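Everything on this sheet refers to the single structure shown next.
Sequence lines set the chain letters: A, B, ... in the order given, protein chains first and strands last, and positions in each chain run from 1. Everything numeric in this text was worked out from a predicted model, so none of it was measured.
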Amino acid sequence: MKLIITDLETLPCKVEGEYKLIKPAGDIRHCVGCFGCWVKTPGECVIRDGYQLTGRDLSRCGELILISRCVYGSVSPFVKNVLDRAISYIHPDFVIRQGEMHHKRRYDNRLNITACFYGDDITPAERSTAERLTAANSVNYDGSALVRFFKSPEELREVVL
Amino acid sequence: MTALINGSPKLSRSTSGTLLGILKEHMGGGFLETALHGPEPGDGCIEALAGAGAWVFAFPLYVDGVPSHLLSCLCKLQSLAGEKRPRVYAIVNCGFYEGEQNRLALSVMENFCMRAGCRWCGGVGTGGGGAISMLPRVPGEKGPLGPVERALRELGENISSGAAQDNRYVTVAVPRIMYKLAGQMGWRKMIKANGGRAGDLGKRMS
């Protein structure tokens, strides 16, 4: 299964196969750093606003697709919020991976991340940051990463993910 | 005037607050404190930032980058930053051992400055964030917090003199294996305090 997280109201591209879509719907609260998803309700965020099970959703997919406006080289606040709220996908314990400390896996699935950033004036510096951030995410998730850039959501119309 | 901005989502007892506390010791006067704990900058914060020539953000690393609530605030402060053109500094802390893991959050802050048209003046990325508020301070910038204290003193001096600096990466003076083991003991203690068992830390949701 594919998990798609986007800040767009409507999915602009075609998707092959089964997928779950997370897009802006109602209010989403931000992570408050309580670590409740690790030590109170392991595997699930303690904030019950409809976005508490994204960590579990990540465990059910082989591909994580991010479709997001590029904001200073990061994904946009909504997409980042969903990711911040999903750290229960990983285990709190540490491992050393590629010479740096990261978190242990909670689940066995391997996540391939495809990040589609859109924006008509993404700077070279933002582009570089976005590429390195997605690569860092893939190391944290112990998966792999592919980054693509588009001028606008409309440019994704011909894309099949 | 320098604005010290606590960008942690925690209202109290945050590592960002501890780091700003150390920084303040090297700032002399001429600073004010404000906070961005949620996705909307409050009126008081906007007023404080509008009157400050330097903005110093302190925040935790979330998923390799800037926490979503602070990213939201940056979007809303971009025009003010463009209008007032402050010097911008940042202190980022992460729970991993290596301070270098904060490099991309500092890149995002630099990109914010480029887009807003204000001056990025560099920052500090510190690892060992899970221990910073618990470790003892030893006079003379010695002891386990010494490297962090030195980096913050240098940052404070640069802020006070209006200078820019290269990003500096530090961590606590504790062996990585000790930090890792202490962290993992901490998670077990916390889950037990919440009525769970150590084995529940690895629970899988079906």
Tell me, side chain or backbone of [X] under 4.5 Å from chain A's heavy atoms, or both, or neither?
X: B/L181; value: neither
X: B/M109; value: neither
X: B/S206; value: backbone
X: B/R176; value: both
X: B/C75; value: both
X: B/Q184; value: both

Should we count [atom1] of [X] as having more than 12 external heavy atoms under 6.0 Å?
X: A/D121; atom1: CG; value: yes
X: A/E154; atom1: CD; value: yes
X: A/K2; atom1: NZ; value: yes
X: B/K76; atom1: NZ; value: yes
X: B/E25; atom1: CD; value: yes
X: A/M1; atom1: CE; value: yes
X: A/K40; atom1: NZ; value: no
X: A/R132; atom1: CZ; value: yes

Check each atom of [X] against the heavy atoms of chain B and say whether the ones under 4.5 Å are side chain, backbone, both or neither.
X: A/V75; result: backbone
X: A/D57; result: neither
X: A/L53; result: side chain
X: A/T123; result: both
X: A/V79; result: neither
X: A/I28; result: neither
X: A/N140; result: side chain
X: A/F78; result: neither
X: A/L133; result: both
X: A/R85; result: neither

Test applied, side-chain hydrogen bond (donor to acceptor under 3.5 Å, both in side chains); reference residue, A/Y72; option that passes from B/Q78, B/E110, B/R115: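 Answer to the side-chain hydrogen bond (donor to acceptor under 3.5 Å, both in side chains) test with A/Y72 among B/Q78, B/E110, B/R115: B/Q78.
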From CA spacing to verdict: side-chain contact (heavy atoms from CB on, under 4.5 Å), B/Q101, A/H102: CA-CA 10 Å; B/Q101 295 214 40; A/H102 292 282; 3.4 Å; yes
Plane angle bin for B/Y179 and A/F94 - parallel if under 30°, tilted between 30 and 60°, otherwise perpendicular: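 A/F94 and B/Y179: parallel rings.
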Check ion pair B/R103-A/E100 (N to O, under 4.0 angstrom):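 Result for this pair is yes, salt bridge flagged.
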Quick check for you: to the nearest 0.5 Å, what is the distance between [X] atom [atom1] and [Y] atom [atom2]?
X: B/Y62; Y: A/L83; atom1: OH; atom2: CG; answer: 13.5 Å
X: A/H30; Y: B/S72; atom1: NE2; atom2: OG; answer: 9.5 Å
X: B/H69; Y: A/K80; atom1: NE2; atom2: NZ; answer: 10.0 Å
X: B/I177; Y: A/M101; atom1: CD1; atom2: CE; answer: 8.0 Å

Contact leader toward chain B among A/P92, A/S88, A/A125, where contacts are heavy-atom pairs under 4.5 Å: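 Option with the greatest count: A/P92.
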Largest heavy-atom contact set with chain B, pairs under 4.5 Å, which of A/G43, A/A136, A/G73: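 Most pairs with chain B among the choices: A/A136.
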N/O donor-acceptor pair under 3.5 Å between A/R106 side chain and B/K203 backbone: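 Yes: the side chain of A/R106 pairs with the backbone of B/K203.
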Audit row: B/L71, A/S74, side-chain contact (heavy atoms from CB on, under 4.5 Å) steps and yes/no: CA-CA 9 Å; B/L71 194 59; A/S74 167; 3.5 Å; yes
Smallest separation among heavy atoms of A/T129 and B/V108, with atom names: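 Closest pair (atom of A/T129, atom of B/V108, distance): CG2-CG2, 3.9 Å.
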Considering all heavy atoms, the nearest A/G33-B/P9 contact: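 Of all heavy-atom pairs spanning A/G33 and B/P9, the closest is N-CG, 4.4 Å.
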Verdict with supporting geometry, B/M205 and A/S59, side-chain contact (heavy atoms from CB on, under 4.5 Å): CA-CA 9 Å; B/M205 300 291 289; A/S59 77; 6.0 Å; no
Interface residue of largest heavy-atom contact number with chain A, from B/D200, B/L70, B/L201, under 4.5 Å: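 It is B/L201.
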Test log, rule side-chain contact (heavy atoms from CB on, under 4.5 Å), inputs A/W38 and B/M190: CA-CA 9 Å; A/W38 282 340; B/M190 284 167 76; over 6 Å; no
